[in-house]
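Worksheet: the structure to be examined is printed underneath.
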Amino acid sequence: LLSRRQRQMCIRDSFKDMLDTWVSYRNRYCSLYAQTYSQYDGSSPSYHQADCIMKMTRRHAEDMKALWQTSISKIDNN
């Protein structure tokens with residue numbers, strides 16, 4: 001049986017792995033998005049890429065906060 005601290009560390013490591021995977025996905029997605037959208041409207045790909053990264057990161061942070069709070073409350077209740 002794992003101690004509370006060990007469970008927290010496992011959750012933290014899982015979130016870190018998930019974040020690393022997500023950042024890689026976000027960067028590839030936003031690069032493709034920027035290239036495609038800049039061809040559509042003739043603007044700079046760097047603007048579209050930065051905008052995409054900002055929006056996706058903000059949304060991801062909100063989702064992660066909700067997941068983290070749920071995970072911690074479940075640990076506290078066990």
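Between Tyr33 and Gln49, every side-chain heavy-atom pair lies at or beyond the 4.5 Å cut-off. Counting only heavy atoms from C-beta outward, the side chains of Met56 and Arg59 never approach each other to under 4.5 Å. By the 4.5 Å heavy-atom criterion applied to side chains, Leu19 and His60 are counted as neighbours.
Taken from CG in Asp51 to OG in Ser43, the straight-line distance is 10.0 Å, to the nearest 0.5 Å. How far OH of Tyr40 is from NE2 of His48: 10.5 Å, rounded to the nearest 0.5 Å. Rounding to the nearest 0.5 Å places CE of Met54 at 10.5 Å from SG of Cys30. Taking OG1 from Thr36 and CG from Leu32, the interatomic distance works out to 4.5 Å, rounded to the nearest 0.5 Å. The CH2 atom of Trp22 lies 15.5 Å from the CG atom of Asp17; values are rounded to the nearest 0.5 Å. Annotation: the span from Lys65 atom NZ to Thr70 atom OG1 amounts to 11.5 Å, rounded to 0.5 Å.
Linking Ile, Leu, Val, Met, Phe, Trp and Tyr residues whenever their side-chain heavy atoms come within less than 4.5 Å places Tyr29 and Tyr37 in a single cluster.
Considering all non-hydrogen atoms of both residues, Ala34 and Pro45 come closest at CB-O, 3.2 Å.
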